[in-house]
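Right, one structure below, let's go through it.
Each ligand, and each atom within it, is numbered from 1 in the order the structure gives. None of these values were measured; they are calculated from a predicted model.
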Amino acid sequence: MATQGKVITCKAAVAYEPNKPLVIEDVEVAPPQAGEVRVQILFTALCHTDAYTWSGKDPEGLFPCILGHEAAGIVESVGEGVTEVQPGDHVIPCYQAECKECKFCKSGKTNLCGKIRGATGVGVMMNDKKSRFSVRGTPIYHFMGTSTFSQYTVVHDVSVAKIDPKAPLEKVCLLGCGVPTGLGAVWNTAKVEAGSNVAIFGLGTVGLAVAEGAKAAGASRIIGIDIDNRKFDRAKDFGVTEFVNPKDHEKPIQQVLVDMTDGGVDYSFECIGNVSIMRAALECCHKGWGTSVIVGVAASGQEIATRPFQLVTGRVWKGTAFGGFKSRSQVPQLVDKYMNKEIKIDEYITHNLTLEEINKAFDLLHGGDCLRCVLEV
Ligand SMILES: NC(=O)c1ccc[n+]([C@@H]2O[C@H](COP(=O)([O-])OP(=O)(O)OC[C@H]3O[C@@H](n4cnc5c(N)ncnc54)[C@H](O)[C@@H]3O)[C@@H](O)[C@H]2O)c1
Ligand SMILES: N[C@@H](CCC(=O)N[C@@H](CSCO)C(=O)NCC(=O)O)C(=O)O
Ligand SMILES: [Zn+2]
Ligand SMILES: [Zn+2]
């Protein structure tokens, strides 16, 4: 390919400072080094975690950076030693890597991978601890090892999932984060059984994907909790059977749910990122076995609390990253499930814009009407 081994100058949205509009810049993207892959990003969606880091509340947030972690594209070139993908392959960049060799990957107990996490947490590539992005000579940090708000990005080879080339990239980009997170929270982390009662706090993309996963698992009651009544109609299509707005009740929401379910739900999921709701989600679980899964990302400095008695009496508190899916092995399987119409994606896409319109897309994300906005890059 004509660009192989050369610096590519392309458009990218740069976050220079927290909460300041992103700037579309001509960014220089260096060629991939050993163990790296340069990807042409064709479509990227926005996730609330991008907004969270942009807000300045992420302790790992570094500026200037290129955000974005829910995308799909085509491999442009690969660095030395890369064997599992080649130019032309269709891929989804994965913020959660899978090296298959580190002690996390080998444990069989987690989808977290330790190989490159140290580098991605500080916005650089592992090989030389430097960034592959620059603007007029100034380095721009990577984000989550993906940085998909760019026409080209460089990722570690352990962070790309090769997918079916027939899959529509403008849809399957969503399999980079929110949808797998919700489905996997149910299937892999909680392991919800048929007949269970489930409570979902927060009916955004992640909460709706939890509902979809719970319905597929055969849950009998799926109770959606949100402070925005507009969320309910849509939530029914994803499997939510009952809706509760905490604003309609004087009692604490955990008590409302305990009363509704003869002592508490079997499983609850916090899909907001609010530590008081995380407490409520735990405390609405049934004594003896109720399990609560934290999915939402809370701001720097926030801590969770409950009476230890809640755990002594059998409730279980868990968390999930990327729904417990092993990225490189399982994202291609999720793509196949979508192609076989076993999971939804289209229904989560409420808006389509272009990379140039990214600031408008962030406004939409905060507006309450938007689930996922897909940008054509
Ligand atoms: N753990 C992971 O791997 C992972 C992956 C993706 C996203 N996330 C996190 O999951 C969370 C949800 O993401 P999303 O994209 O669905 O967000 P979202 O903003 O679309 O959805 C949140 C929902 O919560 C509702 N809400 C807000 N405050 C509430 C309250 N006090 N009580 C009840 N409902 C309330 C909102 O009305 C909204 O419908 C975010 O914190 C995001 O960062 C985590
Ligand atoms: N940097 C943040 C942590 C943010 C966080 O928890 N990220 C989730 C994914 S959110 C995707 O939208 C995650 O998977 N974390 C595991 C990991 O990052 O390895 C902070 O420090 O608060
Ligand atoms: Zn995300
Ligand atoms: Zn690993």
Side-chain angles (χ1 to χ4, degrees), residues 44-55 57-58 67-71 94-107 110-117 143-144 146 148 156 158-159 173-185 188-189 199-211 224-232 234-235 238 243-247 249 253 269-281 293-299 302 318-329 348 350 364-373:
T44 182
L46 285 72
C47 168
H48 279 84
T49 307
D50 298 308
Y52 158 77
T53 301
W54 185 33
S55 76
K57 292 181 186 150
D58 178 356
L67 297 164
H69 64 282
E70 202 173 277
C94 299
Y95 73 81
Q96 194 56 249
E98 184 190 355
C99 77
K100 305 182 184 178
E101 285 164 1
C102 74
K103 75 172 171 183
F104 290 90
C105 286
K106 279 183 168 165
S107 74
T110 178
N111 66 328
L112 302 178
C113 169
K115 181 162 182 192
I116 55 155
R117 186 64 181 82
F143 171 67
M144 289 176 81
T146 51
T148 61
H156 298 93
V158 291
S159 308
C173 57
L174 263 62
L175 295 177
C177 184
V179 171
T181 297
L183 296 175
N188 306 321
T189 309
I200 306 166
F201 292 80
L203 298 175
T205 296
V206 175
L208 294 177
V210 167
I225 301 107
D226 203 294
I227 48 173
D228 182 350
N229 282 332
R230 290 174 303 170
K231 305 281 170 167
F232 187 40
R234 180 159 57 194
F238 290 83
F243 181 70
V244 182
N245 186 335
K247 291 180 178 169
H249 298 270
I253 188 65
F269 297 85
E270 200 278 357
C271 308
I272 302 165
N274 175 324
V275 292
S276 1
I277 307 294
M278 291 175 188
R279 177 176 195 151
V293 181
I294 294 178
V295 192
V297 173
Q302 298 281 301
K318 289 186 164 187
T320 193
F322 197 52
F325 282 116
K326 284 185 170 281
S327 60
R328 282 202 295 151
S329 316
Y348 295 92
T350 51
L364 285 169
L365 203 63
H366 291 126
D369 225 16
C370 173
L371 290 175
R372 283 299 192 253
C373 177

Apex the Zn ion (ligand 4) - arms SG from C99 and SG from C113 - angle rounded to 10° | 110°
Aromatic plane relationship, Y95 with H69 - under 30° parallel, 30 to 60° tilted, over 60° perpendicular = perpendicular
Give the C-alpha distance, both sets of side-chain angles, the deciding distance and a yes or no for side-chain contact (heavy atoms from CB on, under 4.5 Å) between V244 and I253.
-> CA-CA 9 Å; V244 182; I253 188 65; 3.6 Å; yes
Crowding at CZ, F243 (>12 non-hydrogen neighbours, <6.0 Å) | yes
Does K326 reach the main-chain N or O of T110 with its side chain, forming a donor-acceptor pair under 3.5 Å?
-> yes
Just jot down the side-chain contact (heavy atoms from CB on, under 4.5 Å) partners of N188, sequence neighbours excluded, or say none.
-> F325
Using the test side-chain hydrogen bond (donor to acceptor under 3.5 Å, both in side chains), find all partners of S327 that sit at least two apart in sequence or belong to another chain.
-> none
Shortest non-hydrogen contact from G68 toward D50 = N-OD1, 3.1 Å
Minimum heavy-atom distance L371-L203, with the two atoms named | CD2-O, 4.3 Å
Once you restrict both partners to nitrogen or oxygen, which atoms of ligand 1 have a protein partner under 3.5 Å, and how far apart are they?
from	atom 1	to	atom 2	distance (Å)
ligand 1	1 (N)	V295	O	2.9
ligand 1	1 (N)	T320	O	2.9
ligand 1	3 (O)	Y95	OH	3.2
ligand 1	3 (O)	F322	N	2.9
ligand 1	15 (O)	H48	ND1	2.9
ligand 1	15 (O)	R372	NH1	3.2
ligand 1	16 (O)	T205	N	3.2
ligand 1	16 (O)	V206	N	3.0
ligand 1	17 (O)	H48	ND1	3.1
ligand 1	19 (O)	H48	NE2	3.1
ligand 1	20 (O)	H48	ND1	3.4
ligand 1	37 (O)	D226	OD1	2.7
ligand 1	37 (O)	D226	OD2	3.4
ligand 1	39 (O)	D226	OD2	2.6
ligand 1	39 (O)	K231	NZ	3.3
ligand 1	41 (O)	I272	O	3.1
ligand 1	41 (O)	V297	N	3.0
ligand 1	43 (O)	T49	OG1	2.8

Around the Zn ion (ligand 3), list the protein N/O/S atoms within a radius below 2.8 Å, excluding water molecules.
-> C47 SG, H69 NE2, C177 SG
For the student: nearest non-hydrogen atoms of C271 and I200, plus distance = SG-CG2, 4.1 Å
Closest heavy-atom pair and its distance - K100, K106 | O-CG, 4.2 Å
